[in-house]
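Step one of this worksheet: look at the structure below.
Note that the structure is predicted; figures quoted are calculated from it, not measured. So you know, we letter chains A, B, ... as the sequences are listed, proteins then strands, and number each from 1.
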Amino acid sequence: MRWSKTYIPTLRQNQSDAELVSHQLLLRGGFIRKLASGIYLYLPLMQRVIDKFSNIVREEMNRAGALEITMSVLCPAEVWQQSGRYDTMGKEQIRLKDRHDHDMVLCGTHEESVTSLVAGELKSYRQMPLNLYQIQVKFRDEIRPRFGLMRGREFIMKDAYTFDATEESFAISYQKMVDAYFAAFSRAGIEVQKVESDTGAMGGKAAHEFMLLVDTNAGEETILTTENGSYAANLEKAVFVDKAEIENESELKELETVDTPGAATILEVKKFFDVKSTRLAKTILYMADGKPVVALVRGDRDVNEVKLSNAVGAVELEMAKEEEILKYTGGPVGYSGPIGLKDVQIIVDPLVTKLTNFIVGANVDGKHIINVNCGRDFNPTKVMDITLARKGDKSADGSKLIAKSGIELGNTFQLGTKYSEALGAKFLNEAGEEMPCIMGSYGIGITRTPQAVIEKYHDDKGIIWPKNIAPYLVCLIPINLEKEAQAETAEAIYKALNDEGIDVLYDDRKERAGVKFNDADLIGLPIRITIGDKSLQDGNVELKARSEKDMELVKVENIVEAVKKMANRLN
RNA sequence: CGGAGCGUGGCGCAGUCAGGUAGCGCACUCGCCUGGGGUGCGAGAGGUCGGCAGUUCAAGUCUGCUCGCUCCGACCA
């Protein structure tokens, strides 16, 4: 492609509202433009990146036996009502009415569509395993879109869905997808880390995320992992073994209400009684789908709201407001406790049940209760792990957990039979019994991944694309096209590379060398060929990798081979 | 939704406090110069100052309403 014939609107200045380097570079490099908050247009360079990455994913999916289909983005609400998710998706789902006033949704994922498809066709265990996928636009009406393509309201995703007759068969299908994911990301030039994650709105039994680990604040998720990688999970999901030393008293003492004026926070209470925060229980009131729930964790710990949300089966969980705290506990913020609460669910973390004679709020301004014991003084609705893990905690095998920052590029969900039962995707097994399919669903962020790659691979001048997803492999730059020798050589090399099927962007613009070099560095094509008088006198052109500092001189007639050789050794 | 800001040529901004001829840099067009890291000189074109209503002789500037956008938080691929 000739630069003058394509459309690459690079910018000299940064756009003021882009926070992330990768977002900034996509805008400056002329890859994307924003149409509205969280809605982007993909320009020619970006389109090529998307195509290249899509094709890698497509090839790996096909290799794993998945079959490509396309499902409609527009979907009748009815299907979502059947699965129950019409109520649980909340405002993230974009909804509209058609001209007949029928409720419709713009899909953010396709479990419902694919399951209702399969429900009508799948009758026998002989038809499984089945794996269907598509690469398509998705809609999620994010509360706060940000970070460019990382969190948009419209984005492209590869989503795959598996249907199996038995757990054994499902395990194989799942593993095939996991393997395909590693293969696809590796071909795109990046290494991902598989971590355990919460299933969230997807439901189901277990889930994994595929994270790109980054140094910057771009990682919107924290991962806890052991040094050797034996365990890795995202913060919300991470399970840990608590190693805190607790000074428990063996004898259970009498309850006592104590005046603690001005001591509302854990820190103040701990100071007041001159004890460690592990001797206190933190009582936090939440509203779960409008109903009050109290969460009790040890004083030195924080509530994991995802775990809590799962514990009570809530769709929407938020911390209670001041007036709600007053209403349900009778006391002000900072003095809440589990004793004497009525019509409030009490979820207690196991770490609290291990304490004796601990301290809680009295639900009265300026008072706390001491010598509290769970089960004796109040009855938990449920005892369940609701504590947020943190770095420094121990994993199950005793190794220390360390924190890393990651960008989620893909995920895999073990859905079980949630959707197949709801939407009637049933089959007859070998014994002639009717069974629901065992399902899995699998996503890869097609537009998000390239931006994450940029976040990982860039320098102060611009992007450094891995070769397999670079919009072009080679950037061909004649310093001065007015010089006939340079122009002729450029044309010849351009033709030679094209004839070999090598993607080359030929900068034939009447720009000064500096502009061309800067633009080339900015858009980050892996290999640059420079044609200038100095080296051309000896029949040479200059070959340079974007990721490397030094260039080499190559005879014009050897350039194609040299490019191939360089491409081979580059990431 | 809670908190904080911002909307002025394509992009980045000044001007708003204190009402009185809409400005700067980059980009763009034309001419000349230059020609190995965002070149220099000259001449141009381009703006409903987010929108609506109000105050005023006069509104980018003051008032009210409204729309959009960004950042922090809750939500998430």
Below 3.5 Å is the cut-off: list the nitrogen or oxygen pairs between protein and nucleotides 71-74 of chain B, distance only.
| unit_1 | atom_1 | unit_2 | atom_2 | d |
| --- | --- | --- | --- | --- |
| B:rC72 | OP2 | A:R144 | NH1 | 2.9 |
| B:rC72 | OP2 | A:R144 | NH2 | 2.7 |
| B:rG73 | OP2 | A:R146 | NH1 | 3.4 |

> Paired with B:rC30: which nucleotide, if any, by Watson-Crick or G-U wobble criteria at under 3.5 Å for both distances?
Replying inline: B:rG42
>> Once salt bridge (charged side-chain N to carboxylate O under 4.0 Å, His left out) is applied, do any residues pair with A:E68, and if so which ones, sequence neighbours excluded?
In response: A:R58
>> For a quick check of understanding: with a heavy-atom distance under 4.0 Å over all strands, which category does A:R33 fall into, base, sugar-phosphate or nothing?
In response: nothing
>> Please pick, from B:rA77, B:rC75, B:rG38, the nucleotide with the shortest atom-to-atom distance to any side-chain atom of A:E408.
In response: B:rA77
>> Tell me whether A:F155 and B:rA77 count as stacked here, given that the ring centres must be under 5.5 Å apart and the planes must differ by less than 30 degrees.
In response: yes
>> Using the ring pair (Phe, Tyr, Trp, His ring centres under 6.0 Å) criterion, which residues pair with A:F517? Sequence neighbours excluded.
In response: none
> Should B:rC6 form a Watson-Crick or G-U wobble pair with both distances under 3.5 Å, which nucleotide is its partner?
Replying inline: B:rG68
>> Checking A:D103 now: which residues fulfil salt bridge (charged side-chain N to carboxylate O under 4.0 Å, His left out) with it, not counting sequence neighbours?
In response: A:K97
> Quick one: do A:D519 and A:R509 make a salt bridge, cutoff under 4.0 Å?
Replying inline: yes
> Which pairs, with at least one residue in residues 483-493 of chain A and sequence neighbours excluded, count as a salt bridge (charged side-chain N to carboxylate O under 4.0 Å, His left out)?
Replying inline: A:R2-A:E491, A:K483-A:D533
>> Using every non-hydrogen atom in the two residues, find where A:A238 and A:K307 come nearest and quote the distance to one decimal.
In response: O-NZ, 3.1 Å
>> Using a 4.0 Å cut-off on heavy atoms, which residues in residues 522-532 of chain A reach RNA chain B? List them by number, or say none.
In response: A:R528, A:G532
> With both distances under 3.5 Å as the test, what is the Watson-Crick or G-U wobble partner of B:rG54?
Replying inline: B:rC62
> A:Q486 has an atom CD; how far is it from atom P of B:rG35, in whole Å?
Replying inline: 13 Å
> According to the ring pair (Phe, Tyr, Trp, His ring centres under 6.0 Å) rule, which pairs have a member within residues 24-50 of chain A, sequence neighbours left out?
Replying inline: A:H23-A:Y40, A:F31-A:W465
> So which nucleotide does B:rC1 pair with, by the Watson-Crick or G-U wobble rule with both distances under 3.5 Å?
Replying inline: B:rG73
> Which residues satisfy the salt bridge (charged side-chain N to carboxylate O under 4.0 Å, His left out) test with A:K237, sequence neighbours excluded?
Replying inline: none
> On a plain distance test, is the side chain of A:N480 in donor-acceptor contact with the base of B:rG36 below 3.5 Å?
Replying inline: no
> When all nucleic acid strands are considered with a 4.0 Å heavy-atom cut-off, which category describes A:S309: base, sugar-phosphate, or nothing?
Replying inline: nothing
> Listed by chain and number, what are the ring pair (Phe, Tyr, Trp, His ring centres under 6.0 Å) partners of A:F170, not counting sequence neighbours?
Replying inline: A:Y174
> Heavy-atom contacts under 4.0 Å between residues 34-45 of chain A and RNA chain B, which residues?
Replying inline: A:K34, A:A36, A:S37
Dump every N/O contact between nucleotides 26-34 of chain B and the protein below 3.5 Å, one line per pair.
| unit_1 | atom_1 | unit_2 | atom_2 | d |
| --- | --- | --- | --- | --- |
| B:rA27 | OP1 | A:R12 | NH1 | 3.3 |
| B:rA27 | OP1 | A:R12 | NH2 | 3.3 |
| B:rU34 | O2 | A:R512 | NH1 | 2.6 |

> To the nearest angstrom, how far is A:Y7 atom OH from B:rG10 atom P?
Replying inline: 13 Å
Do any side-chain atoms of residues 177-190 of chain A form donor-acceptor pairs under 3.5 angstrom with protein atoms, and if so which ones, sequence neighbours left out?
| unit_1 | atom_1 | unit_2 | atom_2 | d |
| --- | --- | --- | --- | --- |
| A:D179 | OD1 | A:Q175 | NE2 | 2.9 |
| A:Y181 | OH | A:K158 | NZ | 2.8 |
| A:Y181 | OH | A:Y442 | O | 3.4 |
| A:Y181 | OH | A:G443 | N | 2.9 |
| A:Y181 | OH | A:G443 | O | 3.1 |
| A:R187 | NH1 | A:E59 | OE1 | 3.1 |
| A:R187 | NH1 | A:E60 | OE2 | 2.8 |
| A:R187 | NH2 | A:E59 | OE1 | 2.8 |

> So what does A:E542 hit on the nucleic acid, given a heavy-atom distance under 4.0 Å: a base, only sugar-phosphate, or nothing?
Replying inline: base
> Rounded to the Å, how far apart are A:Q15 CD and B:rC6 C1'?
Replying inline: 15 Å
